[in-house]
Amino acid sequence: MVVVSVLRGGILPLFHHQHHVGASIPSSSSSLGGWGSLRLRKPPNTGSNSKGFTLVARYSQAQDVFSSRFQESLENLPKLVEDIVQTSINTGPRGALRMAQGIQAVIGVGGEWLQDISRSTNSSSGLPTQLQLGLLSPLYLRRLFERMGATYIKLGQFIASAPTLFPPEYVEEFQNCFDKAPAVPFDQIQTILSEELGRPIDSVYEYVDPTPIASASIAQVHGAKLRGSQEDVVIKVLKPGIEDVLVADLNFVYVVARLLEFLNPELSRTSLVGIVKDIRESMLEEVDFQKEAANIESFRRYLEAMGLTRQATAPKVYHQCSTRRVLTMQRLYGVPLTDLDSISSLVASPETSLINALNVWFGSLLACESFHADVHAGNLWLLRDGRIGFLDFGIVGRISPKTWAAMEVFLASIGSEEYEPMASALIEMGATDTNVDTKAFARDLEKIFSSIKDLDTEVVIATARGTTTDVTAVSANLVVDERQMNALFLDVIRVSESYGLRFPREFALLMKQLLYFDRYTRLLAPNLNMLQDQRISIVSNRRSNYRDSFH
């Protein structure tokens, strides 16, 4: 369902095209038989260039296109059948169970929709668009995804983080798709630990806290202490049965995508199956803790090689008690970068800590095998020792030097308010088969970015006088309109697409992290210009021919 509704850019133009062709035919000849009768009709008082012969030519072309597509479909049919059969075998009986759960979820959300419909029918203003679209509307589709559980919650988060691929109304709605879930009973966690480690739990851990630190849709995290060394650790455990659910759900989405492309070859231009493969690959990577462990180790090697271990760290991985479904890591103690009160008590200069975080992250874009692609406040901490802690490497990104060269110019252009280089950088970064008017594109971008100055930022100063002392505690809390920042980014995507540009997903991942850092900057260092401050090394040392070509 989501793929059909989301990729309207690929479907609707095709329908529009068909309507346009049909509109050139008299109403009495709207059917295929009508087209045939037009071919036999002799147009009055016309020569070889008559409209009748034009219609004959169009009919012949339509026949040729239909025959070509039919032949292509027949050639692709065996591969499609083979693909569906193989996918069904890989899914197994779990597919039927998920189908039943899916029907139950649809009935549940459908009931909510009907209730909302009944309330709205009493209104004189008519049905809102959300209700007219039904379960394909962003609101009800998001509710359906949350009812469907882990896979679809992650899919919703993918939609929210990929405005280069999905319509803005879906991106905005799925930002409300929270990854929270009830905790799995501790006895089930113990069973998984015993099975995965192949030995009694108490031979590995001195103690495991039965109350989880966090519980998301895919994994659960418990605090623990290692036997022998007595080191504090956290254990990330994949929830039972989650892999079966993921495989069944992702295989179903893949089969739907394959069928849609087969039935409508025009959709192949939108890379529908490619997008689904990308989603499947990224989500399956997230539930393979051995890959997450490799991401962490890669980041730690980067910190050591660049001499950054005094500025930042990532948790040490204990490989002897980690598997594909269990990840044991060093426990880091600190506070999120949004906790201004605690940060001010830990370090003298919150601004310096933020600059360290920015330099470490920007440096990882090219110097590390992958960059951390989810630096929200839960994953970026100021530790008790003053270092920046990067946590949870389940979502990472990889960027080519060419794309980063264009990104550097894009960022520098935002800071300097030079819009022609910005337009050139975006054109270089995006995929397009048309010639883009750089000056017109630059003018449109200037209109968008002028709104950045109008962002509402409210600093609330709360003062509280202690009961026994005259010391006044002052805390600042920054309220940033997150939706407004996201709307700005979506405007850039929308205008770029109007010029035929399509960006790689890595661009959206990068921009999402920059929005996070923008929030931290407004809180911890409101006078800091992240894109122009000389203490922040955004531009890489390896100057590029790509980058120089934009100026």
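All of these numbers come straight from a predicted model, not from anything done at the bench.
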**Q.** R535: salt bridge (charged side-chain N to carboxylate O under 4.0 Å, His left out) partners, not counting sequence neighbours
**A.** E351, D533

Q: Begin from the C-alpha positions of V184 and V237 and carry the test side-chain contact (heavy atoms from CB on, under 4.5 Å) through to its verdict.
A: CA-CA 10 Å; V184 171; V237 183; over 6 Å; no

Q: May I ask you to test the M407-M511 pair for a side-chain heavy-atom distance under 4.5 Å?
A: yes

Q) Tell me, do I536 and N359 make a side-chain contact under 4.5 Å, heavy atoms counted? A) yes

Q | Whether N379 side chain and D374 backbone form a donor-acceptor pair below 3.5 Å | A | yes

(Q) Quick check for you: to the nearest 0.5 Å, what is the distance between I355 atom CD1 and Q311 atom CD? (A) 12.0 Å

Q: Give a yes or no answer on whether the side chain of S298 reaches the backbone of N295 with a donor-acceptor pair at less than 3.5 Å.
A: no

**Q.** Partner set under side-chain hydrogen bond (donor to acceptor under 3.5 Å, both in side chains) for S342, not counting sequence neighbours
**A.** D339

Q.
Could you report the tightest heavy-atom contact between I343 and P350, atom names first, then the distance?
A. CG2-CB, 3.8 Å

Q) According to the interplanar angle, ranging from 0 to 90°, do the rings of F371 and W361 count as parallel (below 30°), tilted (30 to 60°) or perpendicular (above 60°)? A) perpendicular

Q. Hey, mind stepping through F362 and L514 against side-chain contact (heavy atoms from CB on, under 4.5 Å) and telling me if it holds?
A. CA-CA 10 Å; F362 276 121; L514 291 172; 3.6 Å; yes

Q.
Between T338 and Y520, is there a side-chain heavy-atom distance shorter than 4.5 Å?
A. yes

Q. Taking only residues two or more places apart in sequence or in another chain, which ones pass salt bridge (charged side-chain N to carboxylate O under 4.0 Å, His left out) with R147?
A. E112

**Q.** Distance, nearest 0.5 Å, that separates CG of L238 from CG of L246
**A.** 8.0 Å

(Q) One thing to verify: whether E146 and R142 come together as a salt bridge, which I'm taking to mean a side-chain N less than 4.0 angstrom from a carboxylate O. (A) yes

Q.
Once rounded to the nearest 0.5 Å, what's the spacing between atom CG of L139 and atom CD of E169?
A. 12.5 Å

Q: Output yes when a side-chain donor or acceptor of E418 lies under 3.5 Å from a complementary backbone atom of S413, and no otherwise.
A: no

Q: Grab the two heavy atoms, one from V375 and one from Q513, that are nearest each other, plus how far apart they are.
A: N-OE1, 2.9 Å

**Q.** Over all atoms of both residues, closest heavy-atom pair of E173 and P138
**A.** CG-O, 3.3 Å

Q) In Å and rounded to the nearest 0.5 Å, what is the OG to CD distance from S322 to Q290? A) 9.0 Å

Q) Do Y152 and L144 come within less than 4.5 Å of each other through their side chains, counting heavy atoms only? A) no

(Q) Run the side-chain contact (heavy atoms from CB on, under 4.5 Å) test on Y516 and L337 for me, step by step, so that the C-alpha distance in whole Å, both residues' side-chain angles and the decisive distance to 0.1 Å come before the verdict. (A) CA-CA 10 Å; Y516 282 131; L337 282 192; over 6 Å; no

Q) What are the two closest heavy atoms between A314 and L303, and how far apart are they? A) N-CD1, 4.2 Å

Q) Residues in salt bridge (charged side-chain N to carboxylate O under 4.0 Å, His left out) with R331, at least two apart? A) none

Q: Could you check if a side-chain atom of I448 sits within less than 4.5 angstrom of a side-chain atom of V495, using non-hydrogen atoms only?
A: yes

(Q) Would you say that M329 contacts I296 through its side chain, given a criterion of any heavy-atom pair below 4.5 Å between the two side chains? (A) yes

Quick one: side chains of residues 386-400, donor-acceptor pairs under 3.5 Å with protein atoms, not counting sequence neighbours, listed by atom name and distance.
unit_1: R387; atom_1: NE; unit_2: D385; atom_2: OD2; d: 3.0
unit_1: R387; atom_1: NH1; unit_2: T309; atom_2: O; d: 3.1
unit_1: R387; atom_1: NH2; unit_2: D385; atom_2: OD2; d: 3.2
unit_1: D392; atom_1: OD1; unit_2: G394; atom_2: N; d: 3.1
unit_1: S400; atom_1: OG; unit_2: T403; atom_2: N; d: 3.2
unit_1: S400; atom_1: OG; unit_2: T403; atom_2: OG1; d: 3.0

Q.
With rounding to the nearest 0.5 angstrom, report the OH to CG distance, Y333 to L383.
A. 12.0 Å

Q.
Tell me if a side-chain donor or acceptor on K239 pairs with a main-chain N or O of A216 at a distance below 3.5 Å.
A. yes

Q.
I'd like to check the ring pair (Phe, Tyr, Trp, His ring centres under 6.0 Å) partners of F441; sequence neighbours left out, ordered by chain and number.
A. Y499

Q: Please round to the nearest 0.5 Å and tell me the distance separating atom CG of L366 and atom CH2 of W404.
A: 7.5 Å

Q: Please name the pair of heavy atoms, one in F289 and one in V326, separated by the smallest distance, quoted to 0.1 Å.
A: CD1-N, 3.6 Å

Q) Would you say Y302 and L308 make side-chain contact, with heavy atoms under 4.5 Å? A) yes

Q. Which heavy atom of Q330 sits nearest a heavy atom of Y318, and at what distance?
A. N-CE1, 3.4 Å

Q: Go through the steps to decide whether F507 and L510 satisfy the test side-chain contact (heavy atoms from CB on, under 4.5 Å), and finish with yes or no.
A: CA-CA 5 Å; F507 174 65; L510 286 168; 5.6 Å; no

